[in-house]
Amino acid sequence: MDESTAPRTTARLPRTAMIGVGSMGGAILEGLRAPDVDIERPITVTTKSEASAAAFAGASDVTALSSERDSDANRRAVRGAEIVVLGVKPWMMRDVVREIAGDLEPGAVVVSVAAGVPNSAIEAELPAGVPVVRAMPNTPSTIGLGATGIAGGALATEEHIALVQRMFATVGEALIVREDQINAVAAVSGSGPAYLFLYAEEMTAAAERAGFDEDQARTLVKQTIVGAAQLWAHSDESPETLRRNVTSPKGTTEQAIIELQRGGWAELFDRALAANVRRSEEIERGE
Ligand SMILES: NC(=O)C1=CN([C@@H]2O[C@H](COP(=O)(O)OP(=O)(O)OC[C@H]3O[C@@H](n4cnc5c(N)ncnc54)[C@H](OP(=O)(O)O)[C@@H]3O)[C@@H](O)[C@H]2O)C=CC1
Ligand SMILES: O=C(O)[C@@H]1CCC=N1
């Protein structure tokens, strides 16, 4: 573990509100709801639609409010919260921040997970002195295996950043980075699960073309990806060594690897990551 990652801790996380619990906010929420996570419960969450809030009906650990049913839902949710996690789309962020600005508890830290929204843009909509921290998580947070980059804004102290790191460390690895690295975190790990799922889709389709039925192809590919990932997780070896362990000299893997390397992966990944970062920069410019 890098020294900028936080150890999992047993200290209780304070009262938390989450504005927007869709794909990403919902993944963080599910991670935080794990029985071994020590957090003040209930966690208050808001959604736009009543249908999304209704999914939490009967839950004792989550209070869900929708802005469709209650136009004050977001303002109500942040009252009493020491951490406010904003999980709405980037282009909704400014309106939501303006909406809650007057109802934040003194000392509350505002955490945005939005791509392409700088801390300064959020700070500009808040009363003077409210600390803001950016986090760039990913969806495996839902099972406690997330990877999150964290960068404090101008008013965030080491304690604020440590608190946010502690929260995200309960749902995976949480690294403190510079804010100018957040777009690259989005490109690598924020979006990263999608690249792996694309690999799974393409590999499954190739397996079907090689003669397996859909179920067989899915089983072979899924178990290979999950097994290889677990093997890496349980090993001190580099991916290169683990790859070489599969690749017998003059064997079959070697031939496939030669073909794959002809695809120019280094340039391909450079281009993909650069396109991802460019999109964050466009969002930042309001495009
Ligand atoms: N998806 C990912 O893997 C990642 C996403 N992010 C960032 O996370 C943010 C959210 O993305 P994602 O989760 O994919 O988006 P989703 O559309 O899945 O979720 C958005 C959530 O916001 C809610 N919402 C919309 N408007 C309001 C409102 N006015 N008040 C309260 N809640 C509202 C929606 O409610 P309803 O369900 O009712 O519509 C939904 O719960 C984005 O800023 C994105 O950049 C960052 C890293 C990874
Ligand atoms: O695609 C997106 O914009 C978000 C940010 C990182 C992952 N998903």
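Each ligand, and each atom within it, is numbered from 1 in the order the structure gives. Quick note: numbers below take in every heavy atom, side chains included, and nothing from hydrogens, waters or symmetry partners. None of the values given here were measured: they were computed from a predicted structure.
Here the closest non-hydrogen pair linking A154 and E123 is N-OE2, 2.9 Å. Annotation for A207 and A217: closest pair CB-CB, 3.7 Å, computed over non-hydrogen atoms. In this structure, P193 and G190 approach most closely via the heavy-atom pair CD-O, 3.7 Å.
Two residues are said to be in side-chain contact when any heavy atoms from C-beta on lie closer than 4.5 Å; R166 and L13 meet this criterion. Between L273 and V277, every side-chain heavy-atom pair lies at or beyond the 4.5 Å cut-off.
If you run side-chain contact (heavy atoms from CB on, under 4.5 Å) between M136 and each of I150, V185, V113, V188, only V185 comes through.
Electrostatic pairing of E282 and R278 does not count as a salt bridge here, judged by no charged N lying under 4.0 Å from a carboxylate O. With salt bridges taken as basic N to acidic carboxylate O contacts below 4.0 Å, one links R218 and E214. E68 has no carboxylate O lying under 4.0 Å from a charged side-chain N of K48, or vice versa, which leaves the two without a salt bridge.
What sits closest to atom 43 (O) of ligand 1 on the protein, heavy atoms only, is V88 O, 2.7 Å. Scanning the protein heavy atoms around atom 11 (O) of ligand 1, the nearest turns out to be K89 NZ, 3.9 Å. Looking at atom 3 (O) of ligand 1, its nearest protein heavy atom turns out to be T139 CG2, 3.4 Å. Here the heavy atom of the protein found nearest to atom 7 (C) of ligand 1 is V113 O, 3.2 Å. The shortest contact between atom 20 (C) of ligand 1 and any protein heavy atom is with G87 O, 3.8 Å. Nearest protein heavy-atom contact of atom 18 (O) of ligand 1 is S23 N, 2.9 Å.
Of the N or O atoms in N138, none lie within a sub-3.5 Å distance of an N or O in ligand 1. Below 3.5 Å of separation, one finds no N or O of M92 facing any N or O of ligand 1. The shortest N or O to N or O distance between G22 and ligand 1 is under 3.5 Å.
Inspection of the T46 and N74 side chains reveals an N or O donor paired with an N or O acceptor under 3.5 Å. No hydrogens or angles considered: nothing links the side chains of E281 and N183 as a donor-acceptor pair under 3.5 Å.
The atoms of ligand 1 that sit less than 4.0 Å from any heavy atom of T46 are 31 (C), 32 (N). Under a 4.0 Å criterion applied to the non-hydrogen atoms of P137, ligand 1 contributes the atoms 47 (C), 48 (C). Near S52, the atoms of ligand 1 lying under 4.0 angstrom from a non-hydrogen atom of the residue are 36 (P), 37 (O), 38 (O). For ligand 1, the atoms closer than 4.0 angstrom to any heavy atom of A115 are 45 (O). Set against the non-hydrogen atoms of S49, the atoms of ligand 1 under 4.0 Å away are 36 (P), 38 (O). Which parts of ligand 1 touch A114 is read off a 4.0 Å heavy-atom cut-off, strictly below it: atoms 43 (O), 45 (O). Atoms of ligand 1 lying under 4.0 Å from at least one heavy atom of M136, given by number and element, are 46 (C), 47 (C). Residue V21 approaches ligand 1 through these ligand atoms, each under 4.0 Å from one of its heavy atoms: 21 (C), 41 (O).
Around atom CD of E158, no more than 12 heavy atoms belonging to other residues, nucleotides or ligands sit under 6.0 Å away. Annotation: F56, atom CZ; neighbour count of heavy atoms from other residues, nucleotides and ligands within 6.0 Å is above 12. Atom CZ of R243 has more than 12 heavy atoms from other residues, nucleotides or ligands within 6.0 Å.
In this comparison of E68, K48, M24, the heavy atom closest to atom 25 (C) of ligand 1 sits on K48. Across N74, I100, L65, heavy-atom proximity to atom 31 (C) of ligand 1 is greatest for N74. Ranked by closest heavy atom to atom 22 (O) of ligand 1, the top entry among G190, G149, G20 is G20.
Within 4.0 Å of ligand 2, heavy atoms belong to protein residues A115, G190, S191.
When atom types are taken as modelled, the side chain of T142 and the backbone of T139 share no donor-acceptor pair closer than 3.5 angstrom.
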For residues 78-87, tabulate all N or O donor-acceptor pairs below 3.5 Å that involve a side-chain atom, not counting sequence neighbours.
from : atom 1 : to   : atom 2 : distance (Å)
R79  : NE     : D103 : OD2    : 2.8
R79  : NH2    : D103 : OD2    : 2.9

